[in-house]
Each structure stands twice: as C-alpha cells, then as structure tokens.
Amino acid sequence: MAIFKYNSERPFRGNPDLHLHYWGREQCAPGHSVGPGVRNLYKIHFIHEGTGKVTVGEETHILQPGQAFLTYPHIVTHYAADIDHPWTYSWVAFTGEEIGYLLSKTSLTPEHPIFPMDESLMPVLYDRLSAAADHTGSLDLALKAIMYEFFGLLLRTVPAAADIFPVPRQKSIYVEQCLHYLHAHYCENVTVEMMSSSLKLDRKYLSALFKKTVGLPPQQYLLNFRIAKACELLTDTNCTIGEISRSVGYQDPLLFSRMFKKVKGCSPKEYRIRHADNDIVL
C-alpha cells in the first residue's frame, strides 16, 4: 500500500528555485508497474528492499536495495517491481528553476538515472520529511532545508566527470551573468546575439559554455523560463492570453500559443482550465 504525504504550503512564487510537492513510501505488489509515461516534475525513488527494473528509451536498468533512480520531466519512463522479490521504495517529487543547474553538477542523465544511496540521509529521507511535516509553521522552509541537504549529498555522491566539472570560476561567472541577463530581459525581444554583445563574449563560445554548464542551450532555457512564467500568470492572474503573451516576450499571441503547446503539450487556455482548481502537481 502506498503512503503519500503532501507539502500543504504553496511556493511563494509560481516557479521557485526548489519546491517539494510530495513524498511517500510503498511496499509494491509483485509486478507492480508504472508507465510507460511522463510527468511534469522530477521524482526520485530509493530502493530499500527487493528488486525491480527501470526503462528509459532503449535502456533498461535492474535495481537492487541501496540504489535509487531519478525520473525526469517529459521523459518517457517505465518501472516495475520484480515478480518474485518486489521492491519497497520511498520517493520524493519536486520541481524548481534550480534543479537543472544542480543536476548538471552530477553525472546523472535521463539515459543513466541510477545512483547509489548513502548510508545516512537517503535511507531515512522519507522519515526526516515526515517528521518535519508533523510540526506546524514554516513547513515549506523545513522541507526545503532537508531537500537542499539531500542535493548537497547527491552532488558529492555522483559528481560530474572531472572534464566538465567544476567549471573554472571565470567561466562560471559568465554563465551566472547569462542567467541574470535572461531572467531580467525574458519579457523583451532578447536574442543570444544581444546577450553575448552585452557580456562582450563570442556568441558561439557563450552558447557552448552555457549548454555545458546548465545542460540546455540558451534559446531552450529562455523558452522554458518564459513558459514557466506564463504558467504562473495563467494560474495566478486573470490576464488575457494576449496580455500574458506580451508579458513573457511574445508580441504574437499565435506564436506564443504554438511555443506553449510545444513545451506543455496543451494550449494556454487548456492549461488554465486544467489548473484552475488543481494546486498539486502529480
């Protein structure tokens, strides 16, 4: 039977740096299967007992106790408990603007999402989060503190290869400047050429450095950031689609709708209707 626990506090803004949506634990029935399918958040399962398999694309991984796996948003994933020795696992589900950057500092990828659990925090992460939820007041802050502790441990457990991490400090500053620039100018008709000119860097060099560090090219990061801001406006305001389009850098509402559907799989209007009374991301 699955036990779900939810973060009852909403984030202070639509797309925070890190937000834990829910966590849980389950002793799976033999052959219990999830997917193939996609989610719109990150989810990590920690295997405590038994075995099972995870399939992403053409890659299938067999997991044992003491291992964990990460599922990525919008990546088709299928996982199933073993028939003879079904696994017992716990999980955390989260989103946030900072997640892509944090994961870029690890060796994890959608094709290789498996990592070993440590011996202290990960086996008891469910219990730590549940204990924090038993205390009233500042719940989201308490949960976030535990999750940042977990990510600090994850970065030490599966660091990125030495040839790509750490990024030299000067290069890291360039990427930070890019992020600040995009976050400040996303509502304008910004281009990579404009950004590289502002930072006095070669466009190709800047694009390559940005992708190496963040995991996405600048254009894709900007698109995702704009759509995230649009989702915030769709759920938190009564602005028209045209007003939201212009607020996130698209003067043409039709182009905005096409780009929104490309990222979210539905139109802005459909997204607003679906999320009108749904504050929990599953």
Side-chain angles (χ1 to χ4, degrees), residues 1-7 16-28 32 34-35 39 41-56 59-73 75 77-82 85-96 98-135 139-161 165-166 215 281-282:
M1 179 178 178
I3 303 174
F4 281 88
K5 294 181 180 289
Y6 294 93
N7 183 356
D17 292 336
L18 170 63
H19 182 70
L20 175 67
H21 290 276
Y22 59 88
W23 67 101
R25 186 179 177 95
E26 181 173 9
Q27 182 176 350
C28 295
H32 172 70
V34 178
R39 290 187 174 88
L41 43 61
Y42 295 90
K43 192 172 183 181
I44 295 176
H45 288 78
F46 305 95
I47 314 305
H48 303 286
E49 298 176 4
T51 63
K53 64 180 180 180
V54 179
T55 301
V56 183
E59 297 289 333
T60 296
H61 310 270
I62 305 299
L63 275 78
Q64 307 290 336
Q67 292 183 296
F69 66 94
L70 166 65
T71 58
Y72 287 73
I75 300 293
T77 306
H78 175 230
Y79 50 96
D82 186 73
H85 303 286
W87 52 21
T88 294
Y89 52 40
S90 60
W91 63 80
V92 289
F94 50 91
T95 57
E98 198 173 6
I99 303 303
Y101 176 69
L102 290 173
L103 292 177
S104 73
K105 295 183 176 184
T106 74
S107 59
L108 298 174
T109 66
E111 295 78 20
H112 300 283
I114 313 303
F115 62 94
M117 292 167 57
D118 78 312
E119 296 181 357
S120 56
L121 176 61
M122 296 183 197
V124 298
L125 186 58
Y126 168 85
D127 298 313
R128 286 277 304 275
L129 295 169
S130 298
D134 290 338
H135 299 282
L139 172 61
D140 185 59
L141 182 60
L143 297 178
K144 187 174 295 184
I146 296 172
M147 288 300 294
Y148 272 118
E149 182 183 354
F150 161 71
F151 271 104
L153 178 60
L154 181 67
L155 267 59
R156 296 192 298 272
T157 303
V158 283
F165 179 76
V281 182
L282 296 179

Does any non-hydrogen side-chain atom of [Y] lie less than 4.5 Å from one of [X]?
X	Y	result
I146	L20	no
T157	M122	yes
H61	P113	yes
Y89	Y79	yes
L155	T106	yes
E149	L121	yes
I44	W23	no

[X]: what forms a side-chain hydrogen bond (donor to acceptor under 3.5 Å, both in side chains) with it, not counting sequence neighbours?
X	answer
D127	none
S90	H48
T88	none
Q27	none

If we ignore hydrogens and angles and just use 3.5 Å, is the side chain of [X] paired with the main-chain N or O of [Y] as donor and acceptor?
X	Y	answer
D82	G52	no
T55	K53	no
Q67	Q64	yes

Students often mix this up, so state it plainly: with edges at 30° and 60°, are the rings of Y22 and Y6 parallel, tilted or perpendicular?
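Because their plane-to-plane angle lies in the 30° to 60° range, the rings of Y22 and Y6 count as tilted.
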
Kindly assign one of parallel, tilted or perpendicular to the pair F94 and F151, based on the angle between their ring planes and the thresholds 30° and 60°.
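The arrangement is perpendicular - the two ring planes meet at more than 60°.
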
Interatomic distance, [X] atom [atom1] to [Y] atom [atom2] [nearest 0.5 angstrom]:
X	Y	atom1	atom2	value
T95	R39	OG1	CZ	13.5 Å
E59	I114	CD	CD1	10.5 Å
T71	L41	OG1	CG	7.5 Å
S104	I99	OG	CD1	11.0 Å
D118	L153	CG	CG	4.5 Å
H32	W87	NE2	CH2	9.0 Å

Evaluate the criterion side chain to side chain contact (heavy atoms under 4.5 Å, CB included) for residue pair V158 and K105; output intermediate values, then yes/no.
CA-CA 9 Å; V158 283; K105 295 183 176 184; over 6 Å; no

Check the pair M147, V92 against side chain to side chain contact (heavy atoms under 4.5 Å, CB included), reporting the backbone distance first and the verdict last.
CA-CA 9 Å; M147 288 300 294; V92 289; 4.3 Å; yes

Worked verdict on N7 versus L129 for side chain to side chain contact (heavy atoms under 4.5 Å, CB included):
CA-CA 10 Å; N7 183 356; L129 295 169; over 6 Å; no

Results of ring-ring contact (aromatic ring centres under 6.0 Å, His included) for Y72 - residues two or more places apart only:
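So Y72 forms a ring-ring contact (aromatic ring centres under 6.0 Å, His included) with Y42.
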
Partners meeting ring-ring contact (aromatic ring centres under 6.0 Å, His included) with F46 (sequence neighbours left out):
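Expected list: F150.
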
Between E98 and Y148, is there a side-chain donor-acceptor contact under 3.5 Å, judged purely by atom types and distance?
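E98 and Y148 do have a side-chain donor-acceptor pair below 3.5 Å.
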
Ring centre gap for F69 and W91 strictly below 6.0 Å
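No, the ring centres sit 6.0 Å or more apart.
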
Walk me through whether L108 and L154 qualify under side chain to side chain contact (heavy atoms under 4.5 Å, CB included).
CA-CA 10 Å; L108 298 174; L154 181 67; 4.3 Å; yes

So which atom in G50 and which in P65 form the shortest heavy-atom distance, rounded to 0.1 Å?
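In this case the closest contact between G50 and P65 is O-CD, 3.1 Å.
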
